[in-house]
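Order of listing sets the numbers, starting from 1, for every ligand and every atom in it.
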Amino acid sequence: MLSQKTIDIVKSTAPVLAERGTEITTYFYKTMFEAHPELLNIFNSVNQKKGRQQTALANTVYAAATYIDQLEVLLPTVKQIAHKHRSLNVKKEHYPIVGEFLLKAIKDVLGDAATQDVLEAWGEAYGVIAQVFIDVEEEMYETTKEVAWEGFKNFRIVKKEKESEIITSFYLEAQDGTSIPYFQPGQYVTVRLNITSETHLLNRQYSLSDAPGKNYLRISVKRESGEHLVEEGIVSNYLHNQLTAGDTIELTAPAGDFVIDSSNENPVYLISGGVGITPMISMLNDIAEKQPKRPVTFIHAAKSADVHAFKQEIEVKLNKLFNGRKYYYYDQGVNVDLEDNIFEGRVDLTKFKNELIHKENSFYICGPAPFMKSMIDQLESLGVREEAIRYEFFGPSINLKET
Ligand code: HEM
């Protein structure tokens with residue numbers, strides 16, 4: 001239990017952290033990696049360079065400080081982060097390292113403002129916050145060990161299939177021949193690659209793109225391109241260009257809480273932009289197999305027909321449903337095709353105006369941040385309740401209200 005004095009100090013210094021949070025976490029990562037370069041095998045250097053991870057950690061530390069006397073408010077956020085940590089094999093012994101360098105960063109960046117009292121209060125508070133994460137993650141590790149596997153495990157690529165000009169699917173089987181555990185549609189795995197030209201192991205998360213219950217796991221990877229994306233594209237280009245059937249990659253067990261609720265058959269709207277389509281395909285395929293009477297509206301935005309993945313697969317799955325329909329939106333190069341429900345321009349949800357507010361509807365959204373923001377704004381302005389909307393970021397979560 002934290003003393004009232006500690007709580008008061010932490011709460012009163014939280015605004016300073018909010019203001020200088022990114023500065024503190026940037027300094028924190030720099031000094032931590034200098035002292036513990038082995039941690040570079042866990043963190044994604046692209047997220048670091050873009051400052052995305054710094055902002056995510058800063059936001060969370062600030063939120064934790066604000067709610068330090070009622071941390072249960074943060075539990076849903078903690079759980080989401082814990083899924084990511086678990087999927088990256090973050091362990092309890094890592095927490096004291098992060099704590100040490102976070103405190104050092106607060107001390108060095110804030111200078112005189114970081115009095116002994118302030119540092120002690122933050123040290124104590126970090127201990128409490130870290131313990132919440134450690135407890136949630138320990139439980140996840142236990143469950144994962146029982147139902148799937150521990151840490152990283154070798155998977156063999158058994159098939160590679162082109163889904164569009166830029167997305168390719170990889171069908172993966174456990175190298176040790178063990179069966180594939182159940183996962184929830186919408187979950188992701190971490191892929192770890194040891195690329196000889198790189199100094200560290202590289203980790204990336206990819207959504208599973210097929211329904212559970214198969215003898216393989218399928219991921220579908222977008223090949224990143226463009227000069228400024230050289231680093232961002234290392235893993236995806238390596239997967240696309242260097243790896244082929246018979247090669248092996250490492251995977252952690254499925255994780256994530258952006259999952260379809262299969263406990264009822266309420267109408268669902270699966271709304272995706274670009275490669276955000278991948279978890280939606282897993283959800284659609286699962287519904288087609290297990291809940292064919294469930295109403296599904298599949299809405300997808302793609303730049304053009306060339307980069308529109310899974311078109312045929314969606315067709316097959318929608319045909320299995322009693323009440324499945326799709327709407328596609330292309331940025332360019334489309335003759336409006338009303339028969340195939342293809343439109344030009346941005347997704348316009350006012351088309352569904354009268355049906356959206358039915359309170360049993362659920363909405364699942366995945367895609368680039370501006371796309372998700374636009375979808376959420378449209379839904380909310382059409383009267384959809386916040387609780388009915390679920391969304392998933394690719395990369396560290398950011399606050400959509402601030403983008
Ligand atoms: C991701 C917070 C401790 C390693 C994240 C994210 C947040 C966060 C907010 C972004 C989640 C997302 O992607 O949505 C925290 C907090 C911690 C903590 C508040 C302490 C209480 C740790 C520790 C490690 C760690 C001890 C391991 C050394 C990572 C990694 C990622 C991550 C590798 C993925 C980000 C990337 O690779 O770009 N954490 N974390 N975290 N965290 Fe932590």
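- In this pair, Tyr29 and Phe33 present their aromatic rings parallel. The plane angle is below 30°, not in the 30 to 60° band.
- The heavy atom nearest to atom 22 (C) of ligand 1, out of those in Lys84, His85, Gln131, Lys92, is found in His85.
- Of the listed options Leu39, Ile134, Asn44, Asn44 places a heavy atom closest to atom 37 (O) of ligand 1.
- Not a single donor-acceptor pair under 3.5 Å links the side chain of Asn341 to the backbone N or O of Tyr328.
- Glu360 has no carboxylate O lying under 4.0 Å from a charged side-chain N of Arg294, or vice versa, which leaves the two without a salt bridge.
- Remark: Lys214 engages Glu289 in a salt bridge, criterion side-chain N to carboxylate O under 4.0 Å.
- Numbered from 1 in the order shown, with element, the atoms of ligand 1 that lie under 4.0 Å from a heavy atom of Tyr126 read 20 (C), 21 (C).
- Counting heavy atoms under 4.0 Å from ligand 1, residue Thr60 touches it through the side chain alone.
- The part of Val90 lying near ligand 1 is the side chain, judged by heavy-atom distances below 4.0 Å.
- The atoms of ligand 1 that sit less than 4.0 Å from any heavy atom of Leu88 are 30 (C), 31 (C), 33 (C), 34 (C).
- Both the sub-6.0 Å distance and the 45° axial angle are satisfied by Arg192 relative to the ring of Phe152.
- A salt bridge links Lys162 with Glu165: at least one charged nitrogen is closer than 4.0 Å to a carboxylate oxygen.
- For Phe133, every heavy-atom contact with ligand 1 shorter than 4.0 Å involves the side chain, none the backbone.
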